[in-house]
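For ligands, and for the atoms within them, numbers begin at 1 and follow the listed sequence.
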Amino acid sequence: MKDAQPRAIRLSDYRPPAYLVDHVDLTFRLHPKATRVLSRIAFRRNPDGSGGPLALDGEGLRLIGAWIDGAPVTPRLTDTGLEIAAPDSFTWEAEVEIAPEENTALDGLYMSGGLYCTQCEAEGFRKITYYPDRPDVMAPFHVRIDSDLPVLLSNGDAVRTGGGHAVWHDPWKKPAYLFALVAGDLVARSDRFTTMDGRDVTLNIWVRAGDQDRCAYAMDALKRAMRWDETEYGRAYDLDVFNIVAVDDFNMGAMENKGLNIFNARYVLASPETATDADYARIEAIVAHEYFHNWTGNRITCRDWFQLCLKEGLTVFRDQQFSGDARSGAVKRIEDVQMLRARQFREDAGPLAHPVLPKSYIEINNFYTATVYEKGAEIIGMLKRLIGDDAYRAGCDLYFLRHDGQACTIQDWLKVFEDTTGRDLAQFALWYHQAGTPRVHVAHRMEGGTMVLEVRQEIPATPGQDAKAPHLIPLELGVIGADGAELVPSQVVELTEPRQELRLEVGAEAAVPSVLRGFSAPVILTQTLSRADRALLLAHDTDPFCKWEQGRILARDSLLGMVADGAAPDPAHIDALAPVLTDGTLDPAFRALVLGLPSADDLAQALSDRGTVPDPAAIDAARTALQTAMADELKPVLTDLFDRMAVAGPYSPGAEPAGRRALRNACLSLLTRRDGGARARAQFAAADNMTDSIAALAALLRIGAGDDQAAAFHDRWQGDRLVLDKWFSLQITAAPGDTGAAVAARLTGHPAFDWKTPNRFRAVIGALGTNHAAFHAPDGSGYDLVADWLIRLDPLNPQTAARMTTMFETWRRYDTGRRDRASRALERIADTPGLSRDTAEMVSRILGASAG
Ligand code: TRP
Ligand code: ZN
């Protein structure tokens, strides 16, 4: 049925490179159809290498000429590069021709609206010239760009610019995946930063003319991130200029190229009228993330792509810390857990489950996953909790000292902590190697004044991994008394065995354990707690995560009862909410989270875990019914909060006003279920910022009453690409479940549906995946629509098409009718002639044809 899979790359096959590079000199003569790339590379045989000829990667290159030490040579060309016998030390020169205008994959050198730009991670540099395109080959780069375009950028510091060319020099050794070049008609918003060691750095954010007024927040975030890395990790910036460029066509969020970060424009540009509070928070996080890579990724990089989590897990952890410090740490932690559960737990529970450090892959671009990034970040957080903040900092200091300028492994990373703490981290290291979300079961009983906790852990089987050893799990816990007082303060217990008994002196006959505080480990906790116990913790727990978590479980169980048994909404849940919502000592942003309900996808997974086949329409109906009941039962509280949380004065994206808007708009969303839309219409008409405008529009669309506002929104914003993306996706995500697939189908016919632009494609096709009932429409129309469009996108942009196949990763949860329709849609993709290796690998793993 399908062609044989291309060969898998295995960690066990890793060999050091045969040659090392001492210096790279590149000249680009830019032309949309025929760019010439001249390379001059100083090679030296690796004393620790395996020997053999010079083998260079290269893809889609037209070789014009090649020289070794100045003498013309004729290398043997292969599908994936070239090979030639070479001396131990020599200069390689080559001239190749490429066509950036024809590069629709957005990998290598490509064009976006007249702008030349590059994306080289993971293996894009081989589409620019012949090179050992692997992260353990690091070298300084010297780049000359010949072009009449006004702005010519590359990595490092500018040596010369102007007069139709520019020369850049990057003194820091780097792997080719961090190379970048940008050329175009751009304008900069500039600023300065003085590092802790006195270096005066020019900061530039380069955008299209007209966008320069939307860079202030990204610039502010950048400066705060630079200072934070100095104070928290002792890391200072190391060049005289730091450039950020915003581009419209981009496969992912952003890229940490040395000294020249390239961003998807949506994660740079913001103004109050066009960006929501959530957009501002994401911009802050991504700007910080890419900046933090300068040390965790660039100065110290990965030996091979299996070690991707070395830079990504650590850098995500660092950006989460930064955002937590810049805003409410408690709220940030809960949001990160929500994201982890929605994306990584989902991945870990399905056919794409893989370890944070995988042992094999077919297409590396398919391993930029929630597991590598988010679970990878959780592992760092666990390590820090286990060894303590000071030991964590000491280990990081040693890491930077010992490994600066190197390409490292996870073993190197763990070793610095073993060396600084004297601890053996062998069991802890299993977190990198075992896939699957561990289940932790906790049962408690009182023996007089002693609380006895029976704790079990188990890790479910995942593709290719049946039996697993127990993890070292840091379980943070405390105890709350029947009167709400904290009887036992927080402590971290280390679980190492399949079963363990813990005894806590409580000094009272009745008490409730508060377990997994701060979400101290990425596990699924099941606990025998009554609803009254949960309500007690929701009211009194001193740990904000556990407090929120109990509210979430009350809501989830209420919804599951409604779906599975047709029960009425649980009054215990709704009653427990009122005092939290009105507690003025609590951060409004936190209260907004407590008011939110578990997503439909969460509920489907919860049902599936209980052995019930989820019915998407029933889940959708239960969520709507519970929201309606909450609107009825909590009406005075919601109305009062809606009024009191109004923010006076001009818009500011700070955490405090954003939290008030979040709570106010959460109230609005519920109230709109019962007020016929009056409040939302008024808010939509009066809003002076995108957060309030879009919240009102969403509330109206959810009750099927937002057509006029959607039309007005379109008329106002049709000239703004980023806002128009919101207009497209919101109509799909907020559509009632039974209409969402039809709305998406209609929008694919809209003249502004530029499906070749990844942001627009994701705004429409991707949005359907987040409307659970719509994507899983019983007639299969959601599956078919997505499959049709992925088949269309794949030949142009395999990376983005492959990534979006994950919309299907849960298909086995559902009933036979849906399973048949989903698997047929997937097989239709799989059977498409000429399907990319990227998408072929994903679809085959999702269908379960091969283990990951
Ligand atoms: N390294 C980037 C980051 O995490 C992400 C990335 C990997 C990427 N491959 C990419 C971005 C391809 C864009 C395109 O910050
Ligand atoms: Zn990253």
Using 30° and 60° as the class limits, which term best fits the ring planes of Tyr392 and Tyr233: parallel, tilted or perpendicular? perpendicular
Would you call the rings of Tyr237 and Phe242 parallel, tilted or perpendicular, where under 30° means parallel and over 60° means perpendicular? perpendicular
Under 6.0 Å between ring centres: does that hold for Tyr267 and Phe250? no
Report the nearest protein non-hydrogen atom to atom 14 (C) of ligand 1: residue, atom name, distance rounded to 0.1 Å. Gln119 CD, 3.3 Å
Look at atom 5 (C) of ligand 1 and say which protein heavy atom is nearest, naming residue and atom and giving the distance to 0.1 Å. Tyr373 OH, 3.3 Å
Specify the protein heavy atom at minimum distance from atom 2 (C) of ligand 1: its residue, its atom name, and the distance to 0.1 Å. Glu256 OE1, 3.2 Å
If you consider just the N/O/S atoms, which atom of His293 is the closest one to the Zn ion (ligand 2)? NE2
Examine Glu256 and say whether one of its N/O/S atoms is closer to the Zn ion (ligand 2) than 2.8 Å. no
Please list the nearest protein heavy atom to atom 7 (C) of ligand 1 with its residue and the distance rounded to 0.1 Å. Tyr368 CE2, 3.3 Å
List for me each residue that meets side chain to side chain donor-acceptor pair (under 3.5 Å) alongside Trp172, sequence neighbours excluded, and say none if there are none. none
Suppose we screen for side chain to side chain donor-acceptor pair (under 3.5 Å). Which residues come up paired with Glu102, at least two apart in sequence or across chains? none
Measure centre to centre between the rings of Phe28 and Phe179, then say whether the value is under 6.0 Å. yes
Taking only non-hydrogen atoms of His289 and a 4.0 Å limit, the atoms of ligand 1 in range are 3 (C), 4 (O), 15 (O)
Are any of the N/O atoms on Glu121, whether in the backbone or the side chain, positioned under 3.5 angstrom from an N/O atom of ligand 1? yes
Would Asn251 count as a polar contact of ligand 1, with the cut-off being nitrogen or oxygen pairs under 3.5 Å? no
Flag yes if more than 12 heavy atoms outside Glu59 fall under 6.0 Å of its CD atom; otherwise flag no. yes
Which class fits the ring pair Phe367 and Tyr361: parallel under 30°, tilted 30 to 60°, perpendicular over 60°? tilted
Quick note on ligand 1: atoms under 4.0 Å from a heavy atom of Glu290 include exactly 3 (C), 15 (O)
Mind checking whether Phe519 and Phe345 have parallel, tilted or perpendicular rings, split at 30° and 60°? tilted
In terms of atom number and element, which parts of ligand 1 are under 4.0 angstrom from non-hydrogen atoms of Phe250? 13 (C)
Salt-bridge present (Glu232, Arg318; N to O < 4.0 Å): no
Please work out the angle at the Zn ion (ligand 2) defined by atom NE2 of His289 on one side and atom OE1 of Glu312 on the other, rounded to 10°. 110°
Under 4.0 Å from a heavy atom of Met255: which atoms of ligand 1 are those, numbered in the order shown and with their elements? 1 (N), 2 (C)
Identify the closest protein heavy atom to atom 6 (C) of ligand 1: which residue and atom is it, and at what distance? Met252 CE, 3.7 Å
A student checking ligand 1 against Ala254 at a 4.0 Å heavy-atom cut-off should list atoms 2 (C), 3 (C), 5 (C), 11 (C), 15 (O)
Numbering the atoms of ligand 1 from 1, which are under 4.0 Å from a heavy atom of Lys311? 1 (N)
